[in-house]
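These notes are about the structure you will find just below.
Labels below follow one simple rule: chain letters A, B, ... track the order of the sequence lines, proteins then strands, and each chain is numbered from 1. Excluded from the calculations below are hydrogen atoms, water molecules and symmetry mates; all remaining heavy atoms, backbone and side chain alike, are included. Treat the numbers as computed from the prediction; the structure is a model and nothing was measured.
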2 protein chains.
Amino acid sequence: MRDVARKSGLSIATVSRVINFPGEVPAETAEIVNTAMRYLNYRPNINGRRLKMSQTRTVGVLVPTLANPVFATSVQGIEQEANIEGLTVLLTSSNYDPEREMGAVSALLNNRVDGLILTLANADNNPVVDLLLAEKIPFVLLFNQPERADIAAISVDNAKSAFDITNAMIAKGHRSLVMVAGQFESSDRSRQRYDGFCRALDQAGIEKKHLVQVRFGETDLVEPLRDLLLGPDAVTGIVCSTDMLAIAAISACRAHGLSVPGDVSVGGIDGISVGGLITPKLCSAVQPTQEMGRQALAFLRGLIKGQTNPQSLLLPHHLSDGDSIGAFRGDSRRRSSTRV
Amino acid sequence: MRDVARKSGLSIATVSRVINFPGEVPAETAEIVNTAMRYLNYRPNINGRRLKMSQTRTVGVLVPTLANPVFATSVQGIEQEANIEGLTVLLTSSNYDPEREMGAVSALLNNRVDGLILTLANADNNPVVDLLLAEKIPFVLLFNQPERADIAAISVDNAKSAFDITNAMIAKGHRSLVMVAGQFESSDRSRQRYDGFCRALDQAGIEKKHLVQVRFGETDLVEPLRDLLLGPDAVTGIVCSTDMLAIAAISACRAHGLSVPGDVSVGGIDGISVGGLITPKLCSAVQPTQEMGRQALAFLRGLIKGQTNPQSLLLPHHLSDGDSIGAFRGDSRRRSSTRV
DNA sequence: TTGAAAGCGTTACCAA
DNA sequence: TTGGTAACGCTTTCAA
């Protein structure tokens, strides 16, 4: 910048003005400066600006993992919106480990991000949330559904999604169901969805509530489901907490020689549409994920500007029959009507 | 930092030393400083450091989109490795638009990243590559396979993957094949894979080479494939440039009332295993994507340190029969042996 | 309309 | 072993 100033025979202050307030500078002066900048291949050092200014125009994002298309797609939405707004995105992932959440957020704060978008293992009684609240750093939870109402969060209603999908399966005649869910410790969504599952069964007067818990990343359900699929009281339907688990469940059914649907029906909840990829057989509760990411960033911007107050936003989910291989994107309602 | 210094009755310089070179400071001094830091809730401002130091310990990442699990998973690998090394990841996406690549990289350079990992629309004759070469900024291409040998790149051999998979289908008796590929302008992988497809057909003495090009994001192949599936010279097999396209193709086949495999066989190339999700029916050329991301970052670190020279790294791909819904992760060879 | 200069939070050199 | 201080590149106030 000093070089540009020297080259154009003007001061550093003027160069800065040309960059930041081109309107406040005569066109010809701006021209001189711009020429010098091009000549010298000048690149503003954003770190200098960040150090000086109170706003860094940077947002931090924490997701459990990008290996799950749900989170990846939401980050794509955040990224897209950030691009439009000229914001920089700092990305970290926790690998579903609550212990790593604090470290990751800490690193983001050291970068002086203006705000954060987080998908946490557990939104309630979370030290990260407490820290952010104490330091008054704007943040939006994504996919989490905290109990406190004064925390910004964007999610579907997890319990209701599970409740609806379970009811849909009951309506199709299933009386014997199991829920496959992730470990409750690493996903409050799992627990909330299990609650919805139980509520639907209770309401239908079904006593037996099976639960298979799977640790993160596990995709082999052949053994965990063996008894429930082949035993004397085999279930006729599987409700899955996530679409990835539903895929694994379908695979396991086939490994045991069962057809889906037919011998078994599978439903997948995610509050999402899986990046245009697939939805599991029979039932699916969906909400376009990318759009949720964009909304989260828009919401966060409001918080940062102080124009909005933190509050939970529960998006409606859409219940639909699923394809085991579908191909929809964006609008989850426009889905291929084919069947396997 | 000044506050910490004052609180501990020492100088700023000492505080800095405690943070950066704890070994060069007496344990008790360090203890005093640490106590003060905790008491004051001190957070180092990384931007100050970045401004001062020549290395920012930050890497920039550019992918076409995170909505494609292939890229998302690779970013997860990069992210994971960066976490271990204490590096910050700056993420951007081009949405497959070559025009946006320069803008995105420019923004990353303004952040003074130490190096870049890029998946470009076209690696050859690319202004971004020229810029980086001219400015001597370390970078690694991921999934791109540039002609120049002195550019760092990690990829499978795109042409060979397509060649192998096409040969596999020919070996199964197919004589009438179509390739479904993305637009060549937005993916050099597409073109390279199409070349491999053609070479295999040539070698088998098959004249007819069908090509259906699909623009990015399109997942509805029902119309584009209608004639080729139902017409008088209908194909018996479809080779797809990516797994996402293969899924769309399978879906289209079913929409037309064709079974897969059976009436039609579908093969999908991606040089990847899709984040544990699915592989398309019949054939698949796979390579664990997350691992590729990790390798890319490790490679980049070598370049940044000046310990390595830029060179292309072609990973072997693994040809396998695919499941339309599988569930493998990491090791692509340990895959569910079920069939639809 | 332009410029001088202070200061953002660090690091690292040189002295004490 | 510790401290004073210049410098990193930028923004912004105040004055000219």
Side-chain angles (χ1 to χ4, degrees), chain A residues 1-37 40-58 86 88 90 106-114 135 137, chain B residues 1-37 40-58 86-88 90 106-114 135:
Chain A
M1 190 149 156
R2 222 187 41 231
D3 297 339
V4 174
R6 192 155 37 206
K7 182 82 192 170
S8 48
L10 293 161
S11 74
I12 281 186
T14 304
V15 174
S16 175
R17 262 179 231 116
V18 170
I19 295 174
N20 297 299
F21 311 96
E24 296 179 14
V25 150
E28 42 191 70
T29 310
E31 186 48 36
I32 296 174
V33 172
N34 282 319
T35 311
M37 291 200 300
L40 294 172
N41 261 309
Y42 169 71
R43 248 179 214 305
N45 185 328
I46 297 217
N47 297 311
R49 168 182 308 183
R50 276 204 258 266
L51 186 54
K52 181 68 187 176
M53 311 211 4
S54 45
Q55 298 240 338
T56 57
R57 299 197 58 74
T58 298
T88 301
L90 253 43
S106 221
L108 293 175
L109 293 183
N110 290 352
N111 277 279
R112 297 300 189 270
V113 293
D114 291 335
E135 305 217 352
I137 316 255
Chain B
M1 191 150 154
R2 223 187 40 232
D3 297 340
V4 174
R6 194 157 31 207
K7 182 83 192 170
S8 48
L10 292 161
S11 74
I12 276 187
T14 303
V15 175
S16 176
R17 257 179 237 116
V18 170
I19 295 173
N20 298 298
F21 311 96
E24 295 179 15
V25 150
E28 41 192 70
T29 309
E31 188 46 36
I32 296 174
V33 172
N34 283 319
T35 310
M37 291 200 301
L40 294 172
N41 261 309
Y42 168 71
R43 248 179 214 304
N45 184 329
I46 297 216
N47 298 310
R49 168 181 308 181
R50 275 204 259 265
L51 185 56
K52 180 69 187 172
M53 309 206 14
S54 45
Q55 299 238 338
T56 58
R57 298 197 59 74
T58 298
L87 300 174
T88 302
L90 253 41
S106 223
L108 293 175
L109 293 184
N110 290 352
N111 277 281
R112 297 299 189 271
V113 293
D114 291 336
E135 304 216 354

Give me the atom names and distance for the closest heavy-atom approach of [X] to [Y].
| X | Y | value |
| --- | --- | --- |
| A:Met1 | A:Ser16 | CE-CB, 3.3 Å |
| B:Thr56 | B:Asp114 | N-OD1, 2.9 Å |
| A:Ala5 | A:Ile12 | CB-N, 3.6 Å |
| A:Leu108 | A:Leu90 | CD2-CB, 3.7 Å |
| B:Arg112 | A:Pro44 | NH1-O, 3.5 Å |

In residues 16-36 of chain B, which residues come under 4.0 Å of DNA chain D by heavy atom?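 When residues 16-36 of chain B is checked for heavy atoms under 4.0 Å from DNA chain D, the hits, listed by number, are B:Arg17, B:Pro26, B:Thr29.
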
Just so I know, are the side chains of [X] and [Y] near enough to count as touching, which here means a heavy-atom distance under 4.5 Å?
| X | Y | answer |
| --- | --- | --- |
| B:Leu10 | B:Val33 | yes |
| B:Asn20 | B:Arg49 | yes |
| B:Val4 | B:Lys7 | no |
| B:Ile19 | B:Met37 | yes |

Is the number of heavy atoms from other residues, nucleotides or ligands under 6.0 Å of A:Glu135 CD greater than 12?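 More than 12 within 6.0 Å, yes.
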
For atom [atom1] of [X] and atom [atom2] of [N], their distance in whole Å:
| X | N | atom1 | atom2 | value |
| --- | --- | --- | --- | --- |
| A:Arg50 | C:dG7 | CZ | C1' | 19 Å |
| A:Lys52 | C:dT10 | NZ | P | 15 Å |
| B:Asn45 | C:dT11 | CG | C1' | 13 Å |
| B:Arg57 | C:dT11 | CZ | C1' | 15 Å |
| B:Asp3 | C:dT10 | CG | P | 10 Å |
| B:Met1 | C:dG7 | CE | P | 18 Å |

Identify whether any heavy atom of B:Met53 sits under 4.0 Å from a base atom; if not, whether one sits that close to sugar-phosphate; answer base, sugar-phosphate or nothing.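 Contact class for B:Met53: sugar-phosphate only.
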
Which two nucleotides bound the region of DNA chain D that has atoms under 4.0 Å from heavy atoms of chain B, read 5' to 3'?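 Range of nucleotides within reach of chain B: D:dT1 to D:dG9.
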
Heavy-atom nearest nucleotide on DNA chain D for B:Ile12 versus B:Arg112: which residue maps closer to 5'?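 Here B:Ile12 is the residue nearer the 5' end.
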
B:Leu51 or B:Leu10, whichever maps to the more 5' nucleotide of DNA chain D: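 Checking each residue's closest nucleotide, the 5'-ward one belongs to B:Leu10.
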
When rounded to the nearest 0.5 angstrom, what is the spacing between CD1 in B:Ile46 and CG in A:Asn111?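 Rounded to the nearest 0.5 Å, the CD1-CG separation comes out at 4.5 Å.
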
Give me the bend of the helix from C:dT1-D:dA16 to C:dA16-D:dT1, using the axes of the five pairs at each end, rounded to 10°.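 Inter-axis angle at the ends, rounded: 40°.
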
